[in-house]
Amino acid sequence: MAIQKPPMSPYGEFLGIRIEEYSEGRAKCSIRLQDHHYNNGGRVHGGVLTSLADTAAGAAVRTVRPEGKLSATTDLSISFIRPPTGDSLVALAEVIHAGRKLFRCEIVIYCENKLVAKTNATFMIVEPFKQS
């Protein structure tokens, strides 16, 4: 049975992130770069790369976490390898550990088939915030 692709978060939607592929323990997300994704130095802002990695990892975790549960990022580290020079980014996320409460992911980000960043992230099962 195919896993249904989740809706994009409002923040991810704002940035222009798209979930391209989605399967058990894996996700592929992309973003088409626009002027507002760049810093004053003319390079892609590190926050864009980090947000893309976090979104891809979160999507991958959704495929393996218990049904009806939510998860949240508790830790994320990113290593910037080289500045992206193309017009889009692709993030590939894989869950490398799925525990009862914690999930560990590895994420790689490419631009024009060149590695631009490597990321590790941890997610944990959380309860939803109560709406008042």
Side-chain angles (χ1 to χ4, degrees):
M1 182 171 98
I3 299 171
Q4 185 177 357
K5 186 166 67 170
M8 181 52 61
S9 69
Y11 179 69
E13 192 80 38
F14 171 76
L15 286 178
I17 298 172
R18 295 182 316 271
I19 299 173
E20 303 288 343
E21 296 175 16
Y22 190 71
S23 61
E24 187 173 345
R26 298 175 186 266
K28 177 182 176 181
C29 294
S30 67
I31 187 169
R32 188 154 209 47
L33 296 171
Q34 299 175 30
D35 289 345
H36 63 273
H37 293 129
Y38 291 85
N39 63 24
N40 289 339
R43 296 176 189 254
V44 176
H45 193 286
V48 173
L49 291 154
T50 305
S51 293
L52 178 61
D54 188 42
T55 299
V61 167
R62 287 179 86 149
T63 68
V64 295
R65 72 181 184 206
E67 192 169 330
K69 296 292 185 177
L70 299 174
S71 52
T73 312
T74 61
D75 176 79
L76 188 144
S77 64
I78 188 164
S79 295
F80 301 109
I81 309 299
R82 67 173 50 87
T85 57
D87 61 358
S88 64
L89 301 171
V90 174
L92 306 172
E94 180 179 5
V95 176
I96 59 169
H97 172 77
R100 288 185 303 119
K101 295 194 181 232
L102 293 177
F103 302 83
R104 187 84 173 140
C105 297
E106 291 182 342
I107 311 95
V108 289
I109 302 175
Y110 292 92
C111 182
E112 295 186 347
N113 296 316
K114 291 183 180 174
L115 181 66
V116 296
K118 289 191 80 164
T119 307
N120 292 296
T122 304
F123 287 72
M124 79 176 197
I125 298 297
V126 296
E127 296 296 322
F129 284 122
K130 293 182 180 176
Q131 302 289 331
S132 45

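- If you take SG on C29 and CG on L89, they are separated by 11.5 Å, rounding to the nearest 0.5 Å.
- Residues F123 and L76 do not share a hydrophobic cluster, clusters being chains of Ile/Leu/Val/Met/Phe/Trp/Tyr side chains in contact below 4.5 Å.
- For the side-chain hydrogen bond (donor to acceptor under 3.5 Å, both in side chains) test, residues two or more places apart in sequence or in another chain that qualify with R26 are E94.
- Across every non-hydrogen atom of A91 and I107, the tightest pair is CB-CG2, 4.1 Å.
- Under the 4.5 Å side-chain heavy-atom criterion for ILVMFWY residues, no single connected hydrophobic cluster contains both V61 and I19.
- Around CZ of R100, the count of heavy atoms belonging to other residues, nucleotides or ligands within 6.0 Å does not exceed 12.
- Taking H45 as the reference, N39, V48 meet the side-chain contact (heavy atoms from CB on, under 4.5 Å) condition, with sequence neighbours excluded.
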Check your understanding: Do V116 and F80 pass the side-chain contact (heavy atoms from CB on, under 4.5 Å) test, and can you show the C-alpha distance, the side-chain angles, and the key distance before you say yes or no?
Key -> CA-CA 6 Å; V116 296; F80 301 109; over 6 Å; no

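- With sequence neighbours excluded, no residue satisfies side-chain hydrogen bond (donor to acceptor under 3.5 Å, both in side chains) with T63.
- The number of heavy-atom neighbours closer than 6.0 Å to OH of Y38, taken from other residues, nucleotides and ligands shown, is above 12.
- Shortest non-hydrogen contact noted between R62 and P7 is NH1-O, 4.0 Å.
- Put simply, V44 and F14 are part of the same group of oily side chains (I, L, V, M, F, W, Y) that touch within less than 4.5 Å, one to the next.
- Put simply, the side chain of M124 does not reach to within 4.5 Å of the side chain of D75, judged on heavy atoms.
- In terms of heavy atoms, A27 sits closest to A60 at CB-N, 3.7 Å.
- Counting heavy atoms from C-beta on, the side chains of R82 and L115 come closer than 4.5 Å.
- Side-chain contact between I125 and F103: present, with at least one pair of heavy atoms (C-beta onward) separated by less than 4.5 Å.
- In terms of heavy atoms, T119 sits closest to S77 at CG2-O, 3.0 Å.
- Placement of L49 and V108 in two distinct hydrophobic clusters is found when ILVMFWY residues are connected by side-chain heavy-atom separations under 4.5 Å, directly or transitively.
- Across all non-hydrogen atoms, the minimal contact from S51 to I17 is O-CD1, 4.0 Å.
- Side chain of T122 to main chain of T74: no donor-acceptor pair is present (N/O by atom type, distance under 3.5 Å, no hydrogens or angles).
- Taking both residues in full, the closest heavy atoms of S71 and R65 are given as OG-NH1, 2.9 Å, listed atom of the first, atom of the second, then distance.
- Hydrophobic clustering of Ile, Leu, Val, Met, Phe, Trp and Tyr side chains at less than 4.5 Å, counting indirect connections, unites I31 with Y11.
- In this structure the side chain of L92 reaches within 4.5 angstrom of the side chain of Y110, judged on heavy atoms.
- K114 places none of its side-chain heavy atoms less than 4.5 Å from the side chain of I81.
- In this structure, H37 NE2 and D87 CG are separated by 12.0 Å, a value rounded to the nearest 0.5 Å.
- One finds the CD atom of E21 at 4.5 Å from the NZ atom of K28 (value rounded to the nearest 0.5 Å).
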